[in-house]
Amino acid sequence: MRWTETFITTQRDDPQEAEIPSHKLMIRAGMIRKLASGLYTFLPLGLRVLRKVEAIIREEMNRAGALEILMPILQPRNLWERSGRWEGMDDIMLKARTHQGRELVLGPTHEEVVTDLVAREISSYKQLPKNLYQINTKFRDEIRPRFGVMRSREFIMKDAYSFDYDDASAERSYQQMFDAYTRIFERCGLNAMAVEADTGMMGGNRSQEFMVPAETGEDAIVLCPECGYAANVERAGRKEEPVRVTRTKQTIEEIDTPELRTVEELAAFFQTTADRFIKTLIYTADGEPVAILIRGDRDVNESKLRRFLGVEELELADEETIRKITGAPLGFAGPVGLEGVRIIADYSVAHIAAGITGANRKDTHLINVNIDRDCAIREYHDLAIAQEGDLCPRCGLPMTFRRGIEVGHVFKLGTKYSEALSAMVKDESGREKPAIMGCYGIGVSRTVAAIIEQHHDEKGIIWPSPVAPYQVLILAINPADEAVSGAAEGLYKELTKKGMEVLYDDRPVSAGVKFNDSDLIGISVRITVGKKFIRSGGVEVKRRDSEEVHSLPPSEVTELVEEMLSLI
RNA sequence: CGGGGCGUAGCGCAGUCUGGUUAGCGCGCCUGCUUUGGGAGCAGGAGGUCGGGAGUUCAAAUCUCCCCGCCCCGACCA
């Protein structure tokens, strides 16, 4: 492709709206343009990369035995009512309505559609296992779209769904997808890692996310450098620290704390630190109130709590409920004498000696509280968000934190959807059983952004060759000079004939502009034809990821470029 | 939804506090000439309902009110 015949508009300045490198570079390199918040057009250069990633995904999915299909984006409301997610996913679903008033959902995901399909078409265990996938646009009404295509309202996703008849087979399907994902991200040049994850709205038994470590990632990953335990912070467990505490012998005292509600305010008032406080939070779990005790310097991990309680709906109780349970307004709840509500304590409170806590009376707190002496706590559990230095739940050594970008997520769904949507198969004995499902997603457009996050420098993108929009860039310094353009044209034709994807920068602009654009769009191999060629007959070949320049006659270029591309 | 910021030419910005000729700068764009190894030079040129509406005023990019859009943090979320 000649630069003058394609549509690559680069920008010199960072766009004002972009914050992270991939977003800035995708705009500057002319890969994407914004239509509105969270909505982007892919321009030719960006689309080429997207297609490369898709091609890798297709190859690996097909190799793993998955079958490509294409499902509708618009889905009937009825299907979502049957799965029970019409309510639960209400806030992220974009909806449409036909002239007749029929309600449709712009698919945020496709479990319902694919399970319904399988329910209709498959009836015997002999037809299983099956794994169906598609690469399609998904719609999610994100509360806050951000970072360009990293989190947008409309995005390209590869989603696969496996159906098996027994646990062993389901486990194999899961493992096959896990392995395929590992290969896909590797081929995209990504250093990705699998971490334990929360199943969230998808439900199911177990899930793992594929994370690309990046400072700009939206997720926090907890890692154990010793045993390799890795988990999303939403999921991460922790081992309790064995701490010896000295109980106070002093008795509980009531202290006036007018209008002091938060731990910070109280810590300042008592001139002490947050870890002396027993924080008492009242939640409503599927309509039932529950009191959670946690040390003042810790936060409740609501995913853990939801999982522990086995409930769907979990939110902090409203003021009225708090008043009813504690007899006090918001900010003065405490475990001493608290009755008529289930109390669950995070392990962190077990160590507090002479603690401070709410007195269940307005403007009053208690001091000298010994949790074992003064409160009747029957349930202790790990309910806290993991923090730097917490101990690994597997090996007990301190864990570290990293940030990451979630590019893929694999789930063991069990029979949640197959039961709801009657995807039943007969086993050998003729009995009907729900199919065992797994689902597997890759954010394709997000993967493109993640690749840039991991592969760029101050000048621009540095594509791994398998996903580069073109493999080779030919840069003619002064194409008006016939010797230069002749040699460049010759190379362009020769390399193209060899099957390489070549972009030929034939623009009549100054050398600096071309060099800078070349670095910006990040094509793996650059061939420069300029006055050195006129002088000495040599052209220059350089990899984007290296400073080394090879000078050689045009006749030797093809071989060197082929060799280089095989290495990048 | 709460907090903060922004909206002036395609892009990046100044001007707004303290109202006052014809709204500026850099880059980009168009024409011509000269240039061509890391964002060229000279000359000429085009391009703006200053996000929108209402108001105050002799006078509004600038002050007031309402609305819209965009970005960041939080809440939330694959």
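Hydrogens, waters and symmetry mates play no part in the numbers below; they use all other heavy atoms, side chains included. So you know, we letter chains A, B, ... as the sequences are listed, proteins then strands, and number each from 1.
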Query raised in the report: Does A:Ser37 have a side-chain nitrogen or oxygen under 4.0 Å from the phosphate oxygens OP1 or OP2 of B:rC71?
Result: yes
Report task. Test A:Val444 against every option in A:Lys138, A:Glu54, A:Met157 by the side chain to side chain contact (heavy atoms under 4.5 Å, CB included) rule and name the one that passes. Result -> A:Glu54
Query raised in the report: Can you tell me how far P of B:rA75 sits from CD of A:Glu142, to the nearest Å?
Result: 15 Å
**Report entry** Protein-nucleotide distance (A:Asp517, atom CG; B:rC11, atom P), rounded to Å
**Finding:** 18 Å
Query raised in the report: Which whole-number value in Å describes the distance from A:Leu39 CG to B:rC70 C1'?
Result: 13 Å
Query raised in the report: Does B:rG32 have a Watson-Crick or wobble mate here (both distances under 3.5 Å), and if so which one?
Result: B:rC42
Query raised in the report: Taking the C1' atom of each, how far is B:rU8 from B:rA60, in whole Å?
Result: 14 Å
Query raised in the report: Does the side chain of A:Leu50 come within less than 4.5 Å of A:Leu47's, by heavy atoms?
Result: yes
Report task. On RNA chain B, check which nucleotide each of A:Glu19 and A:Gly443 is closest to and give me the residue with the more 5' one. Result -> A:Glu19
Query - Sugar-phosphate, base or nothing in reach of A:Phe147, heavy atoms under 4.0 Å - result: sugar-phosphate
Query raised in the report: Reckon A:Asp519 touches a base, only the sugar-phosphate, or nothing at all at heavy-atom distances under 4.0 Å?
Result: base
Query raised in the report: Does any nucleotide pair with B:rG55 by Watson-Crick or G-U wobble geometry, both distances under 3.5 Å, and what is it?
Result: B:rC63
Query raised in the report: Taking atom C1' in both B:rA46 and B:rA9, what distance in whole Å separates the two?
Result: 11 Å
Query raised in the report: Reckon A:Phe155 touches a base, only the sugar-phosphate, or nothing at all at heavy-atom distances under 4.0 Å?
Result: base
Requested in this report: Could you tell me whether A:Glu453 and A:Arg446 make a salt bridge, using a distance below 4.0 angstrom between a side-chain N and a carboxylate O?
Outcome: no
Requested in this report: Would you classify A:Glu540 as touching base, sugar-phosphate or nothing, given that sugar-phosphate means primed atoms plus P, OP1 and OP2, and contacts are heavy atoms under 4.0 Å?
Outcome: base
Query raised in the report: Which part of the nucleic acid, if any, lies within reach of A:Arg28 when heavy atoms closer than 4.0 Å are counted: base, sugar-phosphate only, or nothing?
Result: base
Can you tabulate the close N/O pairs, meaning under 3.5 Å, that link protein atoms to atoms of nucleotides 33-36 of chain B?
none

Report summary line: Checking B:rC70, B:rC77, B:rA40 against the side chain of A:Ile92 (C-beta onward), the nearest is B:rC77
Query raised in the report: Can you find a side chain N or O atom of A:Arg146 that sits less than 4.0 Å from OP1 or OP2 on B:rC73?
Result: yes
Report task. Answer with base, sugar-phosphate or nothing: what part of the nucleic acid does A:Ala197 contact at a heavy-atom distance below 4.0 Å? Result -> nothing
Requested in this report: Quick one: label A:Arg446 by what it contacts on the DNA or RNA (base, sugar-phosphate, nothing), any heavy atom closer than 4.0 Å.
Outcome: base
Report summary line: Rounded to the nearest 0.5 angstrom, the CG-CE distance for A:Asp545 and A:Met564 is 9.0 Å
**Report entry** C1'-based separation of B:rC42 from B:rG37 [nearest Å]
**Finding:** 23 Å
Query raised in the report: How far, in whole Å, is B:rG7 from B:rA14 if one measures between their P atoms?
Result: 7 Å
Requested in this report: Scan A:Leu266, A:Val263, A:Ile292, A:Val300 and name whichever one has a side chain to side chain contact (heavy atoms under 4.5 Å, CB included) with A:Lys279.
Outcome: A:Val263
Query raised in the report: Atom CG of A:Leu35 to atom P of B:rC70: distance rounded to whole Å?
Result: 10 Å
Query - C1' spacing across the pair B:rC29 / B:rG10, given as an integer number of angstrom - result: 8 Å
Query raised in the report: In whole Å, what separates the C1' atom of B:rG45 from that of B:rG28?
Result: 15 Å
Report task. Give me the one residue out of A:Thr447, A:Val212, A:Ile56 that meets side chain to side chain contact (heavy atoms under 4.5 Å, CB included) with A:Phe185. Result -> A:Thr447
Query raised in the report: How long is the line joining CZ of A:Arg535 and C1' of B:rG37, in whole Å?
Result: 9 Å
Query raised in the report: Contact class for A:Gln16 (heavy atom, under 4.0 Å): base, sugar-phosphate, or nothing?
Result: sugar-phosphate
Query raised in the report: Between A:Leu190 and A:Ile451, is any pair of side-chain heavy atoms under 4.5 Å apart?
Result: yes
Query raised in the report: Mind checking the P distance from B:rU16 to B:rC76? Whole angstroms is fine.
Result: 41 Å
Report task. Please state whether the phosphate of B:rC73, meaning OP1 or OP2, lies under 4.0 angstrom from any side-chain nitrogen or oxygen of A:Arg144. Result -> yes
Report task. Report the base-pairing partner of B:rU16 (Watson-Crick or G-U wobble, both distances below 3.5 angstrom), or none. Result -> none
Report summary line: Correct closest heavy-atom pair for A:Arg187 and A:Glu60 would be NH1-OE2, 2.8 Å
Query - A:Ile143 CD1 - B:rA78 C1' separation (whole Å) - result: 12 Å
Report summary line: Checking A:Val407, A:Asp219, A:Asn191 against A:Met211 for side chain to side chain contact (heavy atoms under 4.5 Å, CB included), the one that qualifies is A:Asp219
Report summary line: If pairing means Watson-Crick or G-U wobble with both distances under 3.5 Å, then the partner of B:rC1 is B:rG74
Requested in this report: Determine which nucleotide pairs with B:rG7, using a 3.5 Å limit on both distances of a Watson-Crick or G-U wobble pair.
Outcome: B:rC68
Query raised in the report: Are the charged groups of A:Lys95 and A:Asp90 less than 4.0 angstrom apart, N to O?
Result: yes
Query raised in the report: If you look at every strand shown and take non-hydrogen atoms under 4.0 Å, does A:Arg153 touch a base, only sugar-phosphate, or nothing?
Result: nothing
Query raised in the report: What is the pairing partner of B:rG48, taking Watson-Crick or G-U wobble pairs with both distances under 3.5 Å in any strand?
Result: none
Query raised in the report: Which is true for A:Lys34 with a 4.0 Å heavy-atom rule: it touches a base, it touches only sugar-phosphate, or it touches nothing?
Result: sugar-phosphate
Requested in this report: Could you say whether A:Val549 or A:Arg151 is positioned toward the 5' end of RNA chain B, judged by the nucleotide with the nearest heavy atom to each?
Outcome: A:Val549
Report task. Whole angstrom is fine here: how far is it from CE in A:Met211 over to C1' in B:rA78? Result -> 10 Å
Query raised in the report: With a non-hydrogen cut-off below 4.0 angstrom, is A:Gly441 in contact with a base, only sugar-phosphate, or nothing?
Result: nothing
Query raised in the report: Between B:rC11, B:rC71, B:rG38, which nucleotide gets closest to the side-chain atoms of A:Gln11?
Result: B:rC11
Report summary line: A:Glu17 CD to B:rG5 P, in whole Å, measures 20 Å
Report summary line: Of the candidates B:rG28, B:rA78, B:rG12, the side chain of A:Met157 sits closest to B:rA78
Query raised in the report: Mind checking the P distance from B:rC65 to B:rG5? Whole angstroms is fine.
Result: 15 Å
Query raised in the report: When all nucleic acid strands are considered with a 4.0 Å heavy-atom cut-off, which category describes A:Glu302: base, sugar-phosphate, or nothing?
Result: sugar-phosphate
Query raised in the report: What nucleic acid atoms does A:Asp14 come within less than 4.0 Å of, heavy atoms only: base, sugar-phosphate, or nothing?
Result: sugar-phosphate
Query - Qualifying residue for ring pair (Phe, Tyr, Trp, His ring centres under 6.0 Å) with A:Tyr492, from A:Trp3, A:Tyr504, A:Tyr470 - result: A:Tyr504
